[in-house]
Amino acid sequence: MSDAVQHLDFNGLPAIRITAPNGAQATILQHGAQVVSWIPAGGEERLFLSERARFEPGVPVRGGIPICFPQFGSRGPLPKHGFVRTVSWDIESARAGSDFATATLVLNDDDVSRAIWPHAFRAELTVLISGQRMDVELGVSNPGDEPLRFTCALHSYLATREVEEARVEGLRGLRYLDAVRGTEHKESGTELMIEAETDRIYFEAAKPIMLAEPRRALGISGENLPDVVVWNPWEHLSATLPDMTPLGFRRMLCIEHGAIGRPVELAPGAEWWGRQSLVVL
Ligand code: TA6
């Protein structure tokens with residue numbers, strides 16, 4: 001591994017930092033293979049990480065990009081958002097090229113995972129950064145002899161300067177579940193403003209989404225991850241989350257591509273991947 005790849009202690013947890021020759025940088029915890037920082041070339045931090053995030057084995061880290069797998073949310077019998085976000089992954093490879101840097105972390109089933117989810121699996125998380133872009137790809141393969149079925153999401157906590165001034169564009173016409181009210185709707189607005197607790201799953205979002213803020217914007221697109229969650233806990237829910245500061249909810253908006261509405265089905269020997277790409281516009 002070269003200078004472009006650093007192994008570090010990040011608040012007590014082992015992490016890897018990759019830096020592209022153009023200065024773009026990402027930091028990934030082995031805990032959950034969780035991206036906790038992304039700074040595009042010449043830019044500023046684009047991921048939110050709570051000032052009160054806990055960095056302990058077995059505990060989810062509030063911020064960055066937790067991986068929800070093999071279950072999104074509480075839509076099934078497993079722990080909320082699955083279990084891979086709270087266990088340590090192995091670093092498989094990391095390197096930089098002429099204008100990019102990349103790292104891959106892997107997780108295979110073991111006694112602990114099979115006690116929760118009795119299946120053979122191999123998960124790979126690959127992060128690729130170039131100047132203004134980061135691709136985060138989750139790959140899953142089924143080495144077992146029974147079909148695998150899962151839902152998943154890349155639960156991306158995007159940094160906002162002031163969430164009330166942000167707009168989410170590209171959702172118009174999509175069917176969505178409003179998880180705060182438990183009701184289904186079709187999005188009629190051209191832009192979504194965040195002015196209260198928001199927890200929505202937009203289904204089959206084929207086009208890129210834009211998070212627009214005064215003087216900056218981020219494009220967000222998915223491949224093989226057709227659904228998009230938009231989440232902000234707002235003041236009251238946030239106050240019940242011990243790992244959020246009172247005003248932290250103003251500095252974040254989760255926009256998460258996932259496979260949620262239709263679970264992924266993997267036959268024995270089959271492979272699948274899903275990717276979310278973030279691009280500074
Ligand atoms: O992705 C949105 C969501 O499912 C919300 O319902 C909210 O609970 C959030 O994830 C965070 O979940 P966590 O378990 O990390 O507190």
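All ligand and atom numbering here is 1-based and tracks the order in the structure.
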Q | Region of Arg200 that comes within reach of ligand 1 [heavy atoms, distance under 4.0 Å] | A | neither

**Q.** Which residue and heavy atom of the protein sit nearest atom 8 (O) of ligand 1, plus the separation
**A.** Lys80 NZ, 2.6 Å

Q.
Is it true that Ser37 and Glu45 share a donor-acceptor pair across their side chains at a distance under 3.5 Å?
A. yes

Q) Are side-chain heavy atoms of Thr151 and Arg75 found at a separation under 4.5 Å? A) no

Q: Name the closest protein heavy atom to atom 6 (O) of ligand 1, giving the residue it belongs to and the distance to 0.1 Å.
A: Asp199 OD2, 2.5 Å

Q: May I ask you to decide whether Glu204 forms a salt bridge with Arg175, counting only side-chain N to carboxylate O separations under 4.0 Å?
A: no

Q) What is the closest protein heavy atom to atom 15 (O) of ligand 1, and at what distance does it sit? A) Arg85 NH1, 2.9 Å

Q) Which residue holds the protein heavy atom closest to atom 3 (C) of ligand 1, what is that atom called, and what is the gap in Å? A) His81 NE2, 3.7 Å

Q | Shortest non-hydrogen separation from Ala53 to Val61 and the atoms involved | A | CB-CG1, 4.2 Å

Q: Could you say whether the N/O atoms of Arg62 and ligand 1 ever approach to under 3.5 Å?
A: yes

Q | atom 1 (O) of ligand 1 [closest protein heavy-atom partner, distance rounded to 0.1 Å] | A | Glu256 OE2, 2.8 Å

Q | Residues Glu51 and Arg251 bridged, charged N to O under 4.0 Å | A | no

